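Here the structure is laid out as structure tokens; the discussion comes afterwards.
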Amino acid sequence: MNDIGPMQVVRAGNLREVLAALDKAGTGILLLTQPDGAFERTVTDGDLRRLLLETGSLEATLERLPKIQSVVLPEGFTRRQALDLMNQHAINHVPVLDAAGRAVAVVERREIDEQILLSTPHMGDTERDFVEEAFRTNWIAPLGPNVDAFERELADLVGIGHAAALSSGTAAIHLALRLLGVGPGDRVFCSTLTFAASANPIVYQGAEPVFIDSDDISWNMSPAALEAGLVAGQREGKLPKAVIVVNLYGQSADMDPLMALCRQYGVALVEDAAESLGARYKGRASGTFGALGIYSFNGNKIITTSGGGMLVSDDQAMIERARFLATQARDPAPHYQHSEIGFNYRMSNILAGVGRGQLRVLQQRVEARRAVFLKYRAALADIDALQWMPEPQWSYATHWLSACTITPRSGMDSAELIRRLAGELIEARPLWKPMHLQPVFAQCAYFRHGAESVSDRLFAQGLCLPSGSNMSEAQVDRIVDTIRKVVRG
Ligand SMILES: *Cc1c(COP(=O)(O)O)cnc(C)c1O
């Protein structure tokens, strides 16, 4: 904020002095100050121009300036308040007054109007080249050389045999369930702490979702809760057709025990790695553990094609069948012939070009997001009320979103912290609301981790902080400072 000394003028000052002060202040406003130091009103160059026209003399004093009530802010104002006030009055500067009515600062719009968003797209240097190539060669179709190359390049990067580029991660989950033969009357288990897109495709297939709690170690699917669900399913003679394991906020679930349970009960595992591209579990790429894995390239994910997804597997026949189903299930005949119901789920060659460019910077994006998380954690380490999403020994998490919980004892809860951050134009969000708490899934069965539902607690106490790979150091510092002001150690 500005040094306000040069901006302060008194009624006894004449136009010559006051215009010189305005010129020197360079802010476009002056602060008319009473002899006792109290702020009276702001003075703009328009006020001075009118006074000059009226009096015709540079020697005229400010005595003739009308008394008006100026727009002011109290100390401790929020950016939101300041910005709303500026917008409401179409002004760019507002004086800040202390309790005694003295001006202590002038806030300027450009100092306070920067919004920090949760996660925004971050393009590299080559996306445009791949897209231009598609234009130049007129490959504007769903399918084309970028699609083929994107599939190959992603499969190689994560170390899996085959990949099908699709219109969204949701489409990839839907096709995964379809490929596994999930249909009406079947049950599918799914992590409860996730985005609705993990579970909706279960319903598209006419099957029944059953939700599984998280554990405290990774915040992902609890092996104990999965086992409880499988034991109950077996007792009823109705095991699930598939288990969808979600890797939350860029961290793998504890795959070994989850896979062991699925093997033991003969249930297929689908890995929803929409949020965990670039993460590893015991050194192996997240998304490559199940019978099928899916990634998302939605706009807020770690890399993006603006919208898109990928289905991956080591089973070539499954991926070929996914491509067939995703292009309207056209039989190999000279005419249009269909023996099955298909979908229009393929990725366009243009968007695949964006994806190829993004893949080239994936590791940089992962490192940048990890650095943001580590900075939050280090800079706020002394605030006991905050607990950061744990990263177990076996995990290399991308921290797609930096997530933490706040203990209720601290006198602050996550909703209040989110509100206070919003006041400073910082976008934070609650953790995903568990699926078993969603009105649309209220009838579905749910298996807890133990006596307590871990996901309920995480939802009640947790939040995600801005995590973009394109955030500046100064932005992270601003968030840290704001949290520090709001949450006491
Ligand atoms: C984003 C997301 C999806 C859906 O991906 P889209 O590409 O947006 O359809 C599925 N599951 C999880 C966990 C996600 O975060």
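For the numbers below, each heavy atom of this structure counts, side chains included, while hydrogens, waters and symmetry mates do not. Since the model is a prediction, treat every value here as computed from it, not as a measurement.
Counting heavy-atom neighbours within 6.0 Å of Gln443 CD, excluding the residue itself, gives a total of 12 or less.
The closest side-chain heavy-atom distance from Gln81 to Leu85 is not below 4.5 Å. At least one side-chain heavy atom of Val354 sits less than 4.5 Å from a side-chain heavy atom of Met123. Annotation: side chain of Arg284 is not in contact with side chain of Met255 (no heavy-atom distance under 4.5 Å).
In summary, the side chains of Ser276 and Tyr281 do not present any donor paired with an acceptor at a separation below 3.5 Å, with no hydrogens or angles considered. Ser395 and Gln251 form a side-chain donor-acceptor contact under 3.5 Å, judged by distance and modelled atom types alone. Side-chain contact, Asp47 with Thr44: a donor N or O sits under 3.5 Å from an acceptor N or O. Residues Glu271 and Asn247 bring a donor and an acceptor atom of their side chains to less than 3.5 Å of each other. Using a 3.5 Å distance cut-off with no hydrogens or angles, the side chains of Glu424 and Thr482 do not pair a donor with an acceptor.
For the pair Arg365 (side chain) and Ser469 (backbone), a donor-acceptor distance under 3.5 Å is absent.
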- Do Ser191 and Asn220 pass the side chain to side chain donor-acceptor pair (under 3.5 Å) test, and can you show the C-alpha distance, the side-chain angles, and the key distance before you say yes or no? CA-CA 7 Å; Ser191 305; Asn220 284 310; 5.9 Å; no
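Glu108 approaches Met86 most closely through the heavy-atom pair C-CE, 4.0 Å. Closest heavy-atom contact between Val106 and Ile4: N-CG2, 3.7 Å. A pairwise comparison of heavy atoms in Cys464 and Leu401 identifies SG-CD1, 3.9 Å as the closest pair. Between Arg369 and Trp400, the shortest heavy-atom distance links the atoms NH1-O, 2.7 Å. Listed here is the closest heavy atom pair of Ala403 and Tyr249: CB-CD1, 4.1 Å.
No close placement of the His436 and Phe211 rings is indicated, their centers lying 6.0 Å or farther apart.
Applying the salt bridge (charged side-chain N to carboxylate O under 4.0 Å, His left out) rule to Arg457 yields the partners Asp216, Glu452; only residues at least two apart in sequence or on another chain are considered.
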